[in-house]
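Below is one structure, written out as structure tokens; comments come after it.
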Amino acid sequence: MNILRITKEFNFEMAHALYNHDGKCAQIHGHSYCLKVTLRGKVRNEELHSKNGMVMDFGDLKKLIKQQIIDIFDHALVLNGNSPHREAIAPSAGFTNILLVPYQPSSENLLLDFVERIHEHFPPNIQLYSLKLRETNSSFAEWYAEDNEG
């Protein structure tokens, strides 16, 4: 009865364009993203341990997500590296934080990328349970470990 979930929220700014999209998102535009990371695990019950009473220290989780996601994507222009977009924006034009990814940078694909970047960094007793990426106040994508088992 000592398994529970903890969640930490992270905010970052990012621009992107969706190649060959049939709407406004084909143009370069930005969002104020909110990423929620939820972990599942047992509460540590070791009286003399510095992490006693925790599934994972929120500070340790913050450090991991900052290194693996926020420091990379915050204030970046993310484009599909397999599209002509890669040639449209040249670093010589003054843009210095351009990230070319091997996929369409939709919220759904960004979440899949984020899972790959972080899932191996948790100890065996802590499970990455879910990620939720909010792109706007009314639009978000979610990933759940249980949907991807097997």
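Values below: every heavy atom of this structure, side chains too, minus hydrogens, waters and symmetry copies.
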For this session: Decide yes or no on side-chain contact (heavy atoms from CB on, under 4.5 Å) for Ile118 and Leu128, but give the supporting numbers first.
Result: CA-CA 8 Å; Ile118 65 173; Leu128 178 59; 3.9 Å; yes
Problem set entry | Salt-bridge present (Lys62, Asp57; N to O < 4.0 Å) | no
Exercise. Just checking, any donor-acceptor pair under 3.5 angstrom between side chains of Asp113 and Tyr103?
Worked result: yes
Exercise. Given His119 and His121, is the side-chain hydrogen bond (donor to acceptor under 3.5 Å, both in side chains) satisfied, shown in steps?
Worked result: CA-CA 6 Å; His119 81 280; His121 293 278; over 6 Å; no
For this session: Would you check, one step at a time, whether the test side-chain contact (heavy atoms from CB on, under 4.5 Å) holds for Val37 with Thr7?
Result: CA-CA 5 Å; Val37 178; Thr7 301; 6.0 Å; no
Exercise. Should the pair His16 and Tyr33 be assigned to parallel (<30°), tilted (30 to 60°) or perpendicular (>60°) ring geometry?
Worked result: perpendicular
For this session: Dump the intermediate steps for side-chain contact (heavy atoms from CB on, under 4.5 Å) on Phe122 and Met56, then the final yes or no.
Result: CA-CA 9 Å; Phe122 298 106; Met56 182 176 190; 4.0 Å; yes
For this session: Find the distance between CD (Glu135) and CG (Leu111) and round it off to the nearest 0.5 Å.
Result: 10.5 Å
For this session: Give a yes or no on whether the backbone of Lys42 and the side-chain of Asn2 come within a donor-acceptor separation of less than 3.5 Å.
Result: no
Seminar exercise, completed: Nearest heavy-atom contact between Phe58 and Lys8 is O-CD, 3.8 Å
Problem set entry | Mutual orientation of the aromatic rings belonging to Phe73 and Phe12 [parallel < 30°, tilted 30-60°, perpendicular > 60°] | tilted
Problem set entry | Test item: Ser83 side-chain N/O and Asn80 main-chain N/O as donor-acceptor pair under 3.5 Å | yes
